[in-house]
Trainee: 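I have a structure here, written as structure tokens, and I will follow up with some questions on it.
The figures here come from the full heavy-atom set of this structure, side chains too, leaving out hydrogens, waters and symmetry mates. Protein chains get the first letters and strands the later ones, always in sequence-line order, with residue 1 at the start of each.
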Number of protein chains: 2
Amino acid sequence: MQQSTEEKILAAAAKVFMEKGMAGARMQDIADEAGINKALLHYYFRSKEKLFDEIFKEVSGQLLPRLNQIIESDISLFDKIWAFCQEYISRMVENPYLPLFIVEETNKQQGAFLERHLGNKRLRLDKLAQQVQQEVARGTIKPIHPLELFLTIISMCAFPFLGKPLLQHMSGMNDDMFNAMMEARKSEVPKFIINAIKK
Amino acid sequence: MQQSTEEKILAAAAKVFMEKGMAGARMQDIADEAGINKALLHYYFRSKEKLFDEIFKEVSGQLLPRLNQIIESDISLFDKIWAFCQEYISRMVENPYLPLFIVEETNKQQGAFLERHLGNKRLRLDKLAQQVQQEVARGTIKPIHPLELFLTIISMCAFPFLGKPLLQHMSGMNDDMFNAMMEARKSEVPKFIINAIKK
DNA sequence: GTCTATACATGGATAGAC
DNA sequence: GTCTATCCATGTATAGAC
């Protein structure tokens, strides 16, 4: 193991917060998961909110850089769409709670929450936007607003994880079938999008 | 007003549960919103869980029939995609909390929750699937699994509401701009999808 | 640092008067 | 039906021994 108490707490908190959300998570759950008691949680992190902030910062801080790296790279627009879908879906398959966690907390937390956590760490779409405009001017793709394209890409990649229970209920697919579908979507989604925008 | 106490409670509960979710909602919040006290909530509905179930049943029971009506209608596949996006996005603009509410609770509630509430009320995709296969056979659209097509449609319609806070943070758009974008997406989404699948 | 015990507040639920 | 008062369990947080 060789894991410090602080690390154990952070790992346990990440698991519990991601499964149950800030409102549904109990400090007792986290203590149990970490194999310690509640008092020790407050010793390391003063309050539930502080602990939650730590987890949210860590989680969002891991995801965004990887996506930025792709979005800002020098590859062609189509390759970029392809790489983004691959990377995004792969991350979510590894951690299926992530999309709901991010979506739920960004919607529920109050006021300046996003500013506090992501203030400097927003996705940098400038380069992507530039490429889109270039390709439009060159006549290789139909006119489209870069932000709309980005929204569509992320919608197709992320939503299936959010709608998974409903989808499974509707179609009777089990977890293996779902994962197989998402594996296929790593290439189906970019193909679909490129078909939609190319001239 | 002319609203019975039970109706006031249901309206208040719907508002509070949709904003805060089952875990985050407080009976006190609902009582305040309804202008009554907690005891009366328990008089009408025995427990928080029963009240929640009532709301979830009502909400999901209103949405699905409207969507089924479109999905099972006799119009052409392309018209159907068009009508579905129009109707779905319109519903969500009216009630922006709905997507998160459904997604959150279907993910968080335990075990047979979906069976209990939607057991008989699932979306009926048979007709849509038939049409897709016909068009594929006819050579008018590229081969695509009907369920995948449906998943893509609903992803593009629903996700923007879920990712709204992140999107606004990233792009600096305000609520009016967001609503204008969704208004435009009522036609942009079906156009995009049809472009992607048509031969 | 880690534990047990406990304080203090909140939330769901009930009792009983009106 | 509707209210006030209250019970009881749970949840966050702290005190203090080791």
Trainee: Nearest to the side chain of B:Y44 - C:dG12, D:dT2, C:dT2?
Mentor: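 Of C:dG12, D:dT2, C:dT2, D:dT2 is nearest to the side chain of B:Y44.
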
Trainee: State whether a side-chain donor-acceptor pair under 3.5 Å links A:Q3 with A:E7.
Mentor: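 No.
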
Trainee: Rounded to the nearest angstrom, tell me the gap between atom NZ in B:K48 and atom P in C:dT14.
Mentor: 15 Å

Trainee: Checking side chain to side chain contact (heavy atoms under 4.5 Å, CB included) between A:L166 and each of B:V103, B:L118, B:N107, which is the one that passes?
Mentor: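 Looking at B:V103, B:L118, B:N107, the match for A:L166 under the side chain to side chain contact (heavy atoms under 4.5 Å, CB included) is B:L118.
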
Trainee: According to a strict under-4.0 Å criterion, is B:H42 in side-chain N/O contact with OP1 or OP2 of C:dA13?
Mentor: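 Affirmative; the distance criterion is met.
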
Trainee: For residues B:I141 and B:L77, determine if any side-chain heavy atom of one lies less than 4.5 Å from a side-chain heavy atom of the other.
Mentor: yes

Trainee: Please tell me which of the listed nucleotides, C:dG12, D:dC3, D:dA13, lies nearest to the side chain of A:M27?
Mentor: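 Of the candidates, D:dA13 comes closest.
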
Trainee: Nearest to the B:A39 side chain among C:dG12, D:dC3, D:dA15, which nucleotide is it?
Mentor: D:dC3

Trainee: In whole angstroms, how far is the P atom of C:dG11 from the CE atom of B:M22?
Mentor: 14 Å

Trainee: OP1 or OP2 of C:dG12 versus the side-chain N and O atoms of B:S47: is any pair under 4.0 Å?
Mentor: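 False: B:S47 side-chain N/O out of range (4.0 Å or more) of C:dG12 OP1/OP2.
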
Trainee: Strictly by modelled atom types, are A:K186 and A:S90 linked by a side-chain donor-acceptor pair under 3.5 Å?
Mentor: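 Yes.
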
Trainee: To the nearest angstrom, how far is B:L40 atom CG from D:dG1 atom P?
Mentor: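 Between P of D:dG1 and CG of B:L40: 9 Å.
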
Trainee: Rounded to the Å, how far apart are A:R46 CZ and D:dT12 P?
Mentor: 16 Å

Trainee: Less than 4.5 Å apart, any side-chain heavy atom of B:L98 and any of B:F161?
Mentor: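 A side-chain contact is absent here, since even the closest heavy-atom pair is not under 4.5 Å.
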
Trainee: Send over the distance from B:L41 CG to D:dG1 C1', rounded to a whole Å.
Mentor: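 Going from CG in B:L41 over to C1' in D:dG1 covers 13 Å.
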
Trainee: Could you check whether A:Y43 gets within reach of a base, just the sugar-phosphate, or nothing at all, counting any heavy atom under 4.0 Å?
Mentor: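 Here A:Y43 touches the bases of the nucleic acid.
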
Trainee: When all nucleic acid strands are considered with a 4.0 Å heavy-atom cut-off, which category describes B:A25: base, sugar-phosphate, or nothing?
Mentor: sugar-phosphate

Trainee: Between A:R26 (CZ) and C:dG12 (C1'), how many Å, whole number?
Mentor: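 After rounding, the gap between these two atoms is 13 Å.
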
Trainee: Can you measure A:D32 atom CG to D:dG11 atom P for me and round it to whole angstrom units?
Mentor: 11 Å

Trainee: Taking the minimum atom-to-atom distance to the side chain of B:K38, which one of D:dT12, C:dT4, C:dA13 wins?
Mentor: C:dA13

Trainee: Distance check needed: D:dG11 P versus A:N37 CG, whole Å only.
Mentor: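 Atom CG in A:N37 sits about 16 Å away from atom P in D:dG11.
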
